[in-house]
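Since the model is a prediction, treat every value here as computed from it, not as a measurement. Every number for a ligand or one of its atoms is a count from 1 in the order of the listing. Numbers for residues simply follow the sequence, beginning at 1.
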Amino acid sequence: MGQPLAWGRRYLMVRPDHFRIDYVINPYMSTQDQPDPDRTMAQWESLRQAIVEAGGAVEVLAQRPDSPDMVYAMNLGLAIAPGKVMLSHMRFEPRRAESIDAAAWFAANGFDVARTGMDGVGPTFESGDAFVFGDSLVVGYGPRTDVEALKHLATEWGVRVRGLHIAHEGMYHLDLPFCPVDSTHAMIYPPAFDEPSRAALAGIVPDPIVLTDEEAFAFSGNSIVVNDTILMPACSPRLRDILTGLGLRVVVLDLSEFHKGGGSIRCLTNPLDFELSAAAVPGGEVLLSV
Ligand code: ARG
């Protein structure tokens, strides 16, 4: 039986004052299908309120007018309590200005800011690819994060990093096919990974909840657990039975405007309370499956 997650009670979100689809960097985006500003704000506000109702705390950062994807705050950086962050170094140039405001926010809020690279120089790292789970920092690489960034994370913080090779264009960040639920359970979508990483994932997650194609593409894996509540953009009856069986209260929220940019609940929320002590290993190490 799993223990409740040690994190997921404190989040950073970006108010979507400038959310648009200006360019296409994932298969869900189309400049022909623009979000409605009023619905966007109402959906975002319902998510913020649901986190607070579940006993979580939300800090809010303003959106840069030149950065339409900044609403997906999960990618601003990987924050570790009490005070360090690995800033994202985005794969695609149109998202790189987000790091200017992210760096300023983290520094102003007491985080030591580190980077894997900047302005296209050095390995890319997008924090939607990283979760603390079990005895390691689990990091997806391939579509967005360069494998070289894993070494950087491991040595910078002296932690065990387990890399999973993402091999699916629709599952371009780890937070789409992987969602920690408690200390032993995680929702996973194995087709997102190459064969060796699928096998590695089986060793990382003691109690997998395997998503169907339909569940994965409804963004059910892009959910967040806040205390005993799981906030989900979609939940099949099957998944609801499994999650309520684990003692969770399932709350389904409509985030359809944000699905137009290729992200949902997890992407919109950056956890500020990850803890890395269980992953500590002198000098750091990277474990890849090839
Ligand atoms: N349009 C954004 C991008 O492609 C969506 C980011 C979704 N965020 C996430 N953590 N998966 O970069």
Can you confirm whether Glu45 is buried at CD, in the sense that more than 12 heavy atoms of other residues, nucleotides or ligands lie under 6.0 Å from that atom? yes

Note: Met90, heavy atoms under 4.0 Å from ligand 1, region reported as neither

| query | Considering only heavy atoms, does Phe92 approach ligand 1 within less than 4.0 Å through its side chain, its backbone, both, or neither? | reply |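 Phe92 to ligand 1: no contact under 4.0 Å from either part.
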
[X] heavy atoms, cut-off 4.0 Å: which ligand 1 atoms fall inside?
X      : answer
Arg144 : 3 (C), 4 (O), 12 (O)
Asp175 : 9 (C), 10 (N), 11 (N)
Asn75  : 6 (C), 7 (C), 8 (N), 9 (C), 10 (N)
Gly261 : 1 (N), 2 (C), 5 (C)
Asp69  : 1 (N), 2 (C), 3 (C)

Below the 3.5 angstrom mark, is there an N/O of [X], backbone or side chain, next to an N/O of ligand 1?
X      : result
Asn222 : no
Met29  : no
His173 : yes
Asn26  : yes

If you scan protein heavy atoms around atom 12 (O) of ligand 1, the nearest is Arg95 NH1, 2.6 Å

among protein heavy atoms, the one nearest atom 9 (C) of ligand 1 is Cys267 SG, 2.7 Å

Checklist line | Contacts of type side chain to side chain donor-acceptor pair (under 3.5 Å), residue Ser127, not counting sequence neighbours | finding: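 Counting only residues at least two positions away or on another chain, Ser127 forms a side chain to side chain donor-acceptor pair (under 3.5 Å) with Ser88.
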
Testing the 3.5 Å rule here: is there a donor-acceptor pair between the side chains of [X] and [Y]?
X      : Y      : value
Tyr11  : Asp273 : no
Glu214 : Ser236 : no
His173 : Asp129 : no

*Would you mind checking if Asp119 and Arg96 are paired as a salt bridge, meaning a charged N to carboxylate O distance below 4.0 Å?*
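No.
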
May I ask you to decide if the ring planes of Tyr28 and Tyr172 are parallel, tilted or perpendicular, using 30° and 60° as cut-offs?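 Answer is tilted, since the angle falls between 30° and 60°.
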
Just by distance, do the side chain of Glu275 and the backbone of Ala6 share a donor-acceptor pair under 3.5 Å?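 Judged by distance alone, no pair lies under 3.5 Å.
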
Report all side-chain donor-acceptor pairs from residues 219-228 shorter than 3.5 Å, counting only partners two or more places apart or in another chain.
from	atom 1	to	atom 2	distance (Å)
Ser220	OG	Glu215	O	3.4
Ser220	OG	Ala234	O	2.8
Asn222	OD1	Ser264	N	3.0
Asn222	OD1	Ile265	N	3.2
Asn222	OD1	Arg266	N	3.1
Asn222	OD1	Cys267	N	3.2
Asn222	ND2	Asp175	O	2.9
Asn222	ND2	Asp175	OD1	3.4
Ser223	OG	Ser220	O	2.6
Asn227	OD1	Arg9	NE	2.8
Asn227	ND2	Ala54	O	2.9

